[in-house]
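First up is the structure itself, then whatever we jot down about it.
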Amino acid sequence: MTSTLGIAVVGTGRMGADHVRRIGRTVGGARVVAVADPDGDRVKAVADALDGASAHTDPAAAIAAPGVQAVLIASPGPAHEEAIAHALARQLPVLCEKPLTPDPEGALRVMEAERRLGKRLVQVGFMRRFDAEYVRLKELLDAGGIGRPLFLHCRHRNASSPSFFTSDMLITDSVVHEVDAARWLLGQEVTAVSVLSPRPTSAAPEGLRDPRLVLLETSGGAVVDVEIFVNCGFGYQVRCEAVGESGSAQIGDGHAMVVQSGGRWGGEIDQDFTVRFADAYDRQLRSWVAGAARGRVAGPDAWDGYAAAAVSEAGLTAARSGVRTVVEMAERPALYR
Ligand SMILES: NC(=O)C1=CN([C@@H]2O[C@H](COP(=O)(O)OP(=O)(O)OC[C@H]3O[C@@H](n4cnc5c(N)ncnc54)[C@H](O)[C@@H]3O)[C@@H](O)[C@H]2O)C=CC1
Ligand SMILES: O=C1[C@@H](O)[C@H](O)[C@@H](O)[C@H](O)[C@H]1O
């Protein structure tokens with residue numbers, strides 16, 4: 001492998017274009033050499049802003065392009081599995097945006113492909129694991145700083161949802177972050193899911209069940225509650241309060257600066273994830289590039305993507321039935337232990 005990692009980026013929409021910019025500006029030791037998107041104008045515009053990257057409407061062609069040594073996938077979730085298969089066929093390291101696959105069956109097939117290769121090549125873009133506040137909270141919990149964790153109280157709010165967003169995606173695309181964060185912070189699996197859906201906000205598009213309250217039970221006896229509200233209108237907020245036997249700790253207040261003036265006090269609320277998690281996306285990319293250069297997955301792997309998909313599936317069943325649903329999970333393969 002040469003010292004500068006050649007990356008193919010599959011999907012050049014909001015996240016793909018953002019990752020391309022980050023690779024150029026903040027990540028050393030890597031460059032984008034090929035980009036793919038079925039939207040020909042969009043992919044050309046992204047390629048034109050790069051020095052010598054080839055533009056493709058077929059992801060397989062981008063992955064097979066000269067100089068490609070690693071693949072970043074930022075297409076919609078249902079397209080991830082096919083792109084991963086093309087990358088694994090060439091034994092290329094992958095950073096795949098979340099969700100790894102929308103369903104657990106697809107994630108099982110990804111793990112089976114890695115098992116056949118005898119190595120892990122896929123990292124999943126659960127970037128909160130690289131966020132400084134989440135890392136501090138994990139260190140505190142691991143050190144027993146607040147005793148045995150009893151609750152995680154989570155709030156996940158987006159100012160507005162994109163036009164393609166569905167009620168299922170509140171769980172599979174949004175709460176999937178809390179699922180991964182809870183598994184990682186607690187070092188436990190999620191065992192059951194319940195979902196409450198109040199009367200939707202009048203700000204939600206017709207038919208969208210927004211907001212929702214998702215309850216996760218874990219293998220160590222903790223309970224995680226997640227308010228997911230993707231049309232809250234006022235900004236982007238991701239908060240997490242851990243409550244343990246001997247204390248509590250909260251992250252995500254975002255009060256970097258509080259201004260007191262004219263008889264009022266206050267601060268700003270980030271408007272979206274590209275701002276709130278900017279540093280986390282950078283750290284995630286640097287870590288993936290460094291890991292890829294050493295042939296290692298340096299973050300959440302396909303098992304983590306599978307576990308999250310299994311919890312999402314139980315969440316969808318719970319949301320539709322109104323009944324607490326047990327998470328069905330396969331045994332963890334030796335490759336991921
Ligand atoms: N980690 C995070 O915080 C975030 C992650 N995401 C994830 O990133 C991925 C992309 O989301 P966005 O950029 O928001 O969506 P987007 O709709 O802005 O962009 C998706 C792009 O993929 C292209 N595309 C569609 N089918 C494709 C295929 N088969 N192969 C290649 N490209 C294809 C579309 O033409 C579009 O340009 C999703 O998996 C999403 O869940 C999205 C937002 C934040
Ligand atoms: O991953 C993300 C989006 O796909 C999702 O739609 C948003 O709700 C999340 O806040 C964002 O981080």
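Quick caveat: nothing in here was measured; it's all calculated off a predicted structure. The figures that follow rest on heavy atoms only: side chains count, while hydrogens, waters and symmetry mates do not. Whatever order the structure lists them in is the order used to number ligands and atoms, beginning at 1.
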- Message: Can a donor-acceptor pair be found, under 3.5 Å and without considering hydrogens, that links the side chain of S194 to the backbone of L215?
- Response: no

- Message: Starting from atom 33 (C) of ligand 1, what is the nearest protein heavy atom, named by residue and atom, and what distance separates them?
- Response: P38 CD, 3.2 Å

- Task: Of the side chain and backbone of F126, name the one, both, or neither that has a heavy atom under 4.0 Å from an atom of ligand 1.
- Result: neither

- Query: Nearest to atom 9 (C) of ligand 1 by heavy atom, P78, P162, S75: which?
  - Reply: S75

- Task: On the 0 to 90° scale, with breaks at 30° and 60°, tag the F151-H153 ring pair as parallel, tilted or perpendicular.
- Result: parallel

- Mind jotting down which residue pairs meet the salt bridge (Lys or Arg N to Asp or Glu O under 4.0 Å) criterion with at least one end in residues 203-219? Sequence neighbours excluded, please. E217-R324

- Of E97, R128, M15, H19, the residue with the heavy atom nearest atom 13 (O) of ligand 1 is M15

- Item | Set of salt bridge (charged side-chain N to carboxylate O under 4.0 Å, His left out) partners for D270, sequence neighbours left out | none

- Item | Considering all heavy atoms, the nearest V43-A55 contact | O-CB, 4.1 Å

- So is D39 polar-close to ligand 1, meaning N/O to N/O under 3.5 Å? no

- If you measure from each heavy atom of Y281 to ligand 1, is any distance below 4.0 Å? yes

- Message: Taking salt bridge (charged side-chain N to carboxylate O under 4.0 Å, His left out) as the definition, give me every residue that meets it alongside E189, ordered by chain and number, with sequence neighbours left out.
- Response: R183, R332

- At a 4.0 angstrom heavy-atom cut-off, ligand 2 is contacted by K98, H156, N158, F165, D173, S174, H177, Y236, F273

